[in-house]
Amino acid sequence: MGYTLVEIAERAGLDPAFVDRLGTLGILEPVDGTFNEGDVRRARIVQSLDAAGLPIDGLGAAIQAGHIDLGFVDAPAYNLFAGLTDTTFGETAARSGVPLEVVLAIREAAGASVPSPDDRMRQVELEVLPALEMALRQGVRPTVVEGALRAAGESARRLAEIQSEWWMTDILQPIFASGGGATEVTERTGDFADAYGAVDDAMILGLYHGHQAHTWMKNIFEGFEAVLTRAGLYAPSDRPPAICFLDLSGYTRLTEERGDAAAADLAGRLSKLVQRTSVQHGGKPVKWLGDGVMFHFREPGPGVLAALEMVEGARDENLPPAHVGLHAGPVIFQDGDYFGRTVNTAARIADYARQGEVLVSDEVVTASPGLEGVRFEAIGPVELKGITETIPLNVARRV
């Protein structure tokens, strides 16, 4: 389908004068007198480059001289830069019955600024809508739907940034280092970009479905547990869940001294260590906290074993010394996170722990009878910051 420059501006949602200038500079060049969908993508990309401070006059000159080639955006992989649809956020909300604030949150969750109801939606944004509609029809509250949407967006952002980084360091930079230019980039990466897009989508879905299996099994277990308990056929365990905080001593200072590359390396090694160890003992990392990690364990005993292994593993991996705090008790689960007094107390215990130390509350000790290979040494009641009463603490050690 052929477009004029005015239609390109309309499709891309850009000022016609700006798009006309792109034509004058040779950044957009017609084929047989018209422009195509790839030119819509080019216009959007160049507008972003302009907003980021790159001179489009220089960009046009580089394109004319053959130093830069925007032909790569014609590849199907770059459909994510497609133009706007004819549907606004407000119209979509009215048609679908999804609250306007939830529809507007789609663009925010995808990493862009807050739109207005009169802004037109992109196709990728409309693709999010059916899941929201279905959840709302089943009675899920709008606030919960919006929270899940934002959480999914944040996870997607982290993955996209990591992939973008390795694309630059391991794909593009080697081409430039060998003397290749922008034309070589298009020739040597176009097929890979298209092919990888499909398997990348499959990989992400596969990992997501794996996590779904774990979380759905938790719901199945808790649902059946409640039914069997009410029927008098099962007595729930008297071992409450445990919250664990692991911190690396001096992590922030160390990464500031060594720079971003060292910080990324430390974070990667820490991630492998804590993910592997916590899962082996029936736990899961809940969130990262700059210089540490918060975990949830279904039972305290395995949480203690995991904590000891993580402290030892940090030492073996030449990571900064780790210290851990655990507390057992009821927790509130909401929007993928855990809240309540148990969480706050565990965090304060971790703050009190010394390098290489695993400190646990009496509740953890009581709920971990006969824990093989571990002994607990009481250090008495301790005043913790932000906790009104003293908390009896114990050091967990290997036997």
Side-chain angles (χ1 to χ4, degrees), residues 1 3-22 28 35-52 73-74 76-161 163-164 197 200-201 204-205 208 334-337:
M1 179 179 179
Y3 298 115
T4 65
L5 284 176
V6 172
E7 290 170 332
I8 290 288
E10 174 69 13
R11 290 274 299 146
L14 301 175
D15 182 352
F18 177 81
V19 175
D20 187 64
R21 188 180 174 200
L22 299 186
L28 299 181
F35 300 90
N36 58 34
E37 195 65 34
D39 291 309
V40 177
R41 304 173 198 168
R42 269 181 279 279
R44 282 194 60 202
I45 290 172
V46 173
Q47 190 273 337
S48 296
L49 297 175
D50 178 58
V73 303
D74 289 317
Y78 289 87
N79 280 337
L80 57 149
F81 291 103
L84 300 168
T85 67
D86 294 329
T87 304
T88 69
F89 285 88
E91 291 168 345
T92 299
R95 172 185 55 78
S96 66
V98 177
L100 178 60
E101 61 271 19
V102 178
V103 178
L104 294 174
I106 294 175
R107 180 161 292 180
E108 279 190 277
S113 59
V114 184
S116 74
D118 293 331
D119 285 342
R120 289 181 294 153
M121 298 186 70
R122 304 192 187 284
Q123 182 58 41
V124 291
E125 294 167 341
L126 288 174
E127 291 169 3
V128 177
L129 195 67
L132 310 184
E133 292 179 289
M134 185 174 293
L136 290 165
R137 282 198 302 269
Q138 291 300 311
V140 182
R141 288 167 291 148
T143 54
V144 174
V145 172
E146 183 177 345
L149 175 65
R150 294 182 184 278
E154 176 61 19
S155 298
R157 178 195 62 79
R158 292 181 59 193
L159 179 59
E161 289 180 348
Q163 290 183 332
S164 177
D200 181 46
D201 289 350
I204 294 169
L205 263 181
Y208 175 58
Q334 183 176 333
D335 295 335
D337 203 351

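- Contact record, L104 with P117: CD2-N, 4.2 Å, taken as the closest heavy-atom pair.
- Looking only at distances, no side-chain donor or acceptor of R11 sits under 3.5 Å from a matching main-chain atom of V40.
- In this structure, the side-chain contact (heavy atoms from CB on, under 4.5 Å) partners of V6, at least two apart in sequence or on a different chain, are T4.
- A 4.5 Å side-chain heavy-atom check between L28 and F35 finds at least one atom pair inside the cut-off.
- Enclosure of atom CZ in R95 by more than 12 non-hydrogen atoms of other residues, nucleotides or ligands within 6.0 angstrom is indicated.
- Not counting sequence neighbours, the partners of D74 by the side-chain hydrogen bond (donor to acceptor under 3.5 Å, both in side chains) test are R42.
- Every residue two or more places apart in sequence or in another chain that forms a ring pair (Phe, Tyr, Trp, His ring centres under 6.0 Å) with Y78 is listed here: F72.
- Here D200 pairs with nothing under the salt bridge (charged side-chain N to carboxylate O under 4.0 Å, His left out) rule; sequence neighbours left out.
- For the side-chain contact (heavy atoms from CB on, under 4.5 Å) test, residues two or more places apart in sequence or in another chain that qualify with A109 are L149.
- The salt bridge (Lys or Arg N to Asp or Glu O under 4.0 Å) contacts involving residues 98-113 comprise R107-E125, E108-R150, where partners must be two or more places apart or lie in separate chains.
- Atom CG of L5 and atom CG of L14 lie 11.5 Å apart (nearest 0.5 Å).
- Counting heavy atoms from C-beta on, the side chains of I106 and P115 never come closer than 4.5 Å.
- Contacts of R120 classified as salt bridge (charged side-chain N to carboxylate O under 4.0 Å, His left out), with partners at least two apart in sequence or in another chain: E10.
- The environment of CG in D86 is sparse: at most 12 heavy-atom neighbours from other residues, nucleotides or ligands sit within 6.0 Å.
- In terms of heavy atoms, S96 sits closest to L129 at CB-CD2, 4.0 Å.
- When all heavy atoms of A9 and P16 are compared, the pair lying nearest together is CB-CA, 3.7 Å.
- With sequence neighbours excluded, the residues forming a salt bridge (charged side-chain N to carboxylate O under 4.0 Å, His left out) with R21 are D57, listed by chain and number.
- Under the salt bridge (charged side-chain N to carboxylate O under 4.0 Å, His left out) criterion, E133 pairs with no residue at all, not counting sequence neighbours.
- Considering every non-hydrogen atom in both N36 and I8, the closest pair reads O-CD1, 3.7 Å.
- The side-chain heavy atoms of S116 and D119, taken from C-beta on, include a pair separated by under 4.5 Å.
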Without placing hydrogens or testing angles, list every side-chain donor-acceptor pair under 3.5 Å for residues 43-51, not counting sequence neighbours.
{"unit_1": "R44", "atom_1": "NH1", "unit_2": "F81", "atom_2": "O", "d": "3.2"}
{"unit_1": "R44", "atom_1": "NH1", "unit_2": "A82", "atom_2": "O", "d": "2.9"}
{"unit_1": "S48", "atom_1": "OG", "unit_2": "R44", "atom_2": "O", "d": "3.3"}

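- For E161, the side-chain hydrogen bond (donor to acceptor under 3.5 Å, both in side chains) criterion is met by R157, not counting sequence neighbours.
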Would you be so kind as to tabulate the donor-acceptor pairs closer than 3.5 Å made by side chains of residues 87-94, with sequence neighbours excluded?
{"unit_1": "T88", "atom_1": "OG1", "unit_2": "E91", "atom_2": "N", "d": "3.0"}
{"unit_1": "T88", "atom_1": "OG1", "unit_2": "E91", "atom_2": "OE1", "d": "3.4"}
{"unit_1": "E91", "atom_1": "OE1", "unit_2": "T88", "atom_2": "N", "d": "3.0"}
{"unit_1": "T92", "atom_1": "OG1", "unit_2": "T88", "atom_2": "O", "d": "2.9"}

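- Of the possible polar contacts, one joining the T85 side chain to the M121 backbone as a donor-acceptor pair under 3.5 Å is found.
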